[in-house]
Enquirer: 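Got a structure here, written out as structure tokens. Questions coming.
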Amino acid sequence: QMEDIYDRCQVLILDADDIKSDERAVEIVENYMEEDIDLVLAVGAGTIHDLSRFVAHRYRIPFVSVPTAASSDGFTSTVADMTWNGVKKVFQASAPLFVFADTDIFSKAPARLTASGVSDILGKYIALADWKIASILTDEYYCQEIVKLETKAVRTVKDNLKEIAAGEEDACEKLMYALVLSGLAMQMTGNSRPASGAEHHLVHLWDMEVINGHLNALHGEKVSAATMLVLLEYKKIADAIRRKNCRVHTYREEDGELLRETFGRKGVLEAVRKENEPELLDEISTRQLSDSLPEILEILDALPSVTDMQEMMSIAGCVNTVRDIGLPGEAVAESLRLAPYTRRKLSLLRLRKMLTY
């Protein structure tokens, strides 16, 4: 029976050259697809799953996930982040009917892929802080139960970093479990809010290559470098609030020229402007933000210290500097300014445009 099933399978193997462009990868898949496909079986890591759940949703075909590495939290997600016409976009996608994760396989994946999965989880510290801050200032949906689920995923990984890095099967299972939980949190919310904040907005910006060339780094590696950048900036804001040196001012659009020089040069300025309309910061009053600074400080103080985060990443073998992913140091300031424009989602990095500190 299994031989008969295998004979009826259509196998498509994509290599790195095929998947540098999301549009090109989807085109390849669609060109090879037969008309009577009953099931999409995704065997691989993050990018393969993005493509598979995107195609499964587009053609209304059931989708089954077989992760071969604990490298990202997208296995059970219902969204796919893809670069389309030069712009990083979030597409609705299908959740898998089943996830078959074989410990014998993913625990023996290259250490770099496993570390990438740890990085994706550690980035949730920023994502959850951004979500909480947004909920204080707006009527955005916020669910404590989903936060608990995501927090459990983070804690599970944090408590097993050495064992995960050593490739111990039980610990790698816990990492995979945490990644699956994070995907389920996104399913329950209906979007990526519990798992993606300012740290992912930086990654989206780098993926669009408007201020940098191609970065030869895994998604999780870019997430960990971005997490460190955002954490450093958030701790600066926390110190300023604590010292009463943080001033709130009315939002002023001051990035017009920079947007034209970066997104405009890439030919995606209008798409970025459309993504950001209407401007979220126009809805935030200076008094509202000023009154919320003490509560924002509590949220920021609950984040790990910069040294603690560096230690966690070091133990797990994660990268933690922009140099590690090939991003020039001079691109950091522009990255922090431009990243909020990649997604119309309120974060402290976006609110930073109303702060002087």
Enquirer: Could you see if Leu179 belongs to whatever hydrophobic cluster contains Val64? Use Ile, Leu, Val, Met, Phe, Trp, Tyr and a side-chain cutoff under 4.5 Å.
Expert: no
Enquirer: Is the number of heavy atoms from other residues, nucleotides or ligands under 6.0 Å of Asn216 CG greater than 12?
Expert: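 At most 12 heavy atoms, drawn from other residues, nucleotides or ligands, come within 6.0 Å of this atom.
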Enquirer: According to a hydrophobic-cluster definition based on side-chain heavy atoms being under 4.5 Å apart (Ile, Leu, Val, Met, Phe, Trp, Tyr only), do Ile105 and Val180 belong together?
Expert: no
Enquirer: Are the side chains of Asn191 and Lys345 in touch, meaning some heavy atoms are under 4.5 Å apart?
Expert: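 In short, these two side chains do not touch, never coming nearer than 4.5 Å.
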Enquirer: Is Lys235 atom NZ crowded by more than 12 heavy atoms from other residues, nucleotides or ligands, each under 6.0 Å away?
Expert: yes
Enquirer: Rounded to the nearest 0.5 Å, what's the gap from CG on Leu346 to CG on Leu349? Could you check?
Expert: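 One gets 10.5 Å once the value is rounded to the nearest 0.5 Å.
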Enquirer: Using every non-hydrogen atom in the two residues, find where Ala129 and Leu303 come nearest and quote the distance to one decimal.
Expert: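 Minimum heavy-atom separation between Ala129 and Leu303: CB-CD2, 4.0 Å.
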Enquirer: Quick check: does any side chain N or O of Asp130 sit under 3.5 Å from a backbone N or O of Ala198, one acting as donor and the other as acceptor?
Expert: yes
Enquirer: Given the rule in the side-chain contact (heavy atoms from CB on, under 4.5 Å) test, do Glu169 and Lys108 qualify, once you have shown the distances and angles that lead to the verdict?
Expert: CA-CA 9 Å; Glu169 289 191 356; Lys108 295 178 178 61; 3.6 Å; yes
Enquirer: Take a 6.0 Å sphere around CG of Asp139 and say whether it holds more than 12 heavy atoms from other residues, nucleotides or ligands.
Expert: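 Atom CG in Asp139 is not packed in, count stays at 12 or less.
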Enquirer: Other residues, nucleotides and ligands only: do more than 12 of their heavy atoms fall within 6.0 Å of NZ on Lys162?
Expert: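 Atom NZ in Lys162 is not packed in, count stays at 12 or less.
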Enquirer: Please report the closest heavy-atom contact between Asp81 and Val90, naming both atoms and the distance.
Expert: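 The pair with the smallest heavy-atom distance is OD1-CG2, 3.0 Å.
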Enquirer: Counting N and O atoms only, with roles assigned by atom type, does the side chain of Ser192 sit under 3.5 Å from a partner on the main chain of Ala195, one being a donor and the other an acceptor?
Expert: no
Enquirer: Looking only at non-hydrogen atoms, find the nearest pair between Asp73 and Ser182 and report the distance.
Expert: OD2-OG, 2.9 Å
Enquirer: Is the shortest distance from a Lys or Arg side-chain nitrogen in Arg337 or Glu334 to a carboxylate oxygen in the other one below 4.0 Å?
Expert: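 Looking at Arg337 and Glu334, the cut-off is not met.
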Enquirer: Check whether Gln187 reaches the backbone of Thr189 with its side chain - one donor and one acceptor, N or O, closer than 3.5 Å.
Expert: no
Enquirer: Quick one: does Ser224's side chain have a donor or acceptor within less than 3.5 Å of a partner on Val319's backbone?
Expert: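 Side chain of Ser224 to backbone of Val319: a pair is present.
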Enquirer: Using only atom types and a distance under 3.5 Å, with no angle test, would you say the side chain of Glu275 pairs donor to acceptor with the backbone of Arg344?
Expert: yes
Enquirer: With distance as the sole test, does Arg193 use its side chain to make a donor-acceptor pair with the main-chain N or O of Glu140 at under 3.5 Å?
Expert: no
Enquirer: Please say yes or no: joined through hydrophobic side-chain contacts below 4.5 Å, possibly via intermediate residues, are Leu97 and Ile37 part of one cluster?
Expert: no
Enquirer: Are the side chain of Ser135 and the backbone N or O of Lys132 linked by a donor-acceptor pair below 3.5 Å?
Expert: yes
Enquirer: Look at the side chain of Glu168 and the backbone N and O of Asp170, then say whether any donor-acceptor pair between them is shorter than 3.5 Å.
Expert: no
Enquirer: Can you establish whether the number of heavy atoms outside Arg323 located under 6.0 Å from its atom CZ is more than 12?
Expert: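 It does not: Arg323 CZ has 12 such atoms or fewer within range.
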Enquirer: Between Glu145 and Lys148, is there a salt bridge with N-O shorter than 4.0 Å?
Expert: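 Yes, Lys148 and Glu145 are salt-bridged.
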Enquirer: Consider only side-chain heavy atoms of I, L, V, M, F, W and Y, link residues closer than 4.5 Å, and tell whether Phe263 and Leu202 are in one cluster.
Expert: yes
Enquirer: Hey, quick one: are Phe91 and Val55 part of the same hydrophobic cluster, counting side-chain heavy atoms closer than 4.5 Å, chains of contacts allowed?
Expert: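 Same cluster.
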Enquirer: Is the OH atom of Tyr142 crowded by more than 12 outside heavy atoms at less than 6.0 Å?
Expert: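 More than 12 within 6.0 Å, yes.
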Enquirer: Find the distance between CZ (Phe106) and OG1 (Thr114) and round it off to the nearest 0.5 Å.
Expert: 9.0 Å
Enquirer: Kindly say whether Pro340 contributes a backbone atom to a donor-acceptor pair with the side chain of Arg350 at under 3.5 angstrom?
Expert: yes
Enquirer: Give a yes or no on whether Lys353 atom NZ has more than 12 heavy-atom contacts from other residues, nucleotides or ligands under 6.0 Å away.
Expert: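 Atom NZ in Lys353 is packed in, count exceeds 12.
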Enquirer: Working note: Ile164 + Lys174, criterion side-chain contact (heavy atoms from CB on, under 4.5 Å); need CA distance, chi angles, decisive distance, verdict.
Expert: CA-CA 8 Å; Ile164 291 170; Lys174 290 175 181 177; 5.8 Å; no
Enquirer: Rounded to the nearest 0.5 Å, how far apart are CG of Leu269 and OG1 of Thr262?
Expert: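 Those atoms lie 8.0 Å apart.
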Enquirer: Can you tell me if Asn212 uses its side chain to pair, donor with acceptor, with the backbone of Trp206 under 3.5 Å?
Expert: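 The answer is yes, because a donor-acceptor pair under 3.5 Å joins these two groups.
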Enquirer: Mind listing the closest non-hydrogen atom pair of Ser72 and Gly46 along with its distance?
Expert: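 Taking Ser72 first and Gly46 second, the nearest heavy atoms are OG-CA, 3.7 Å.
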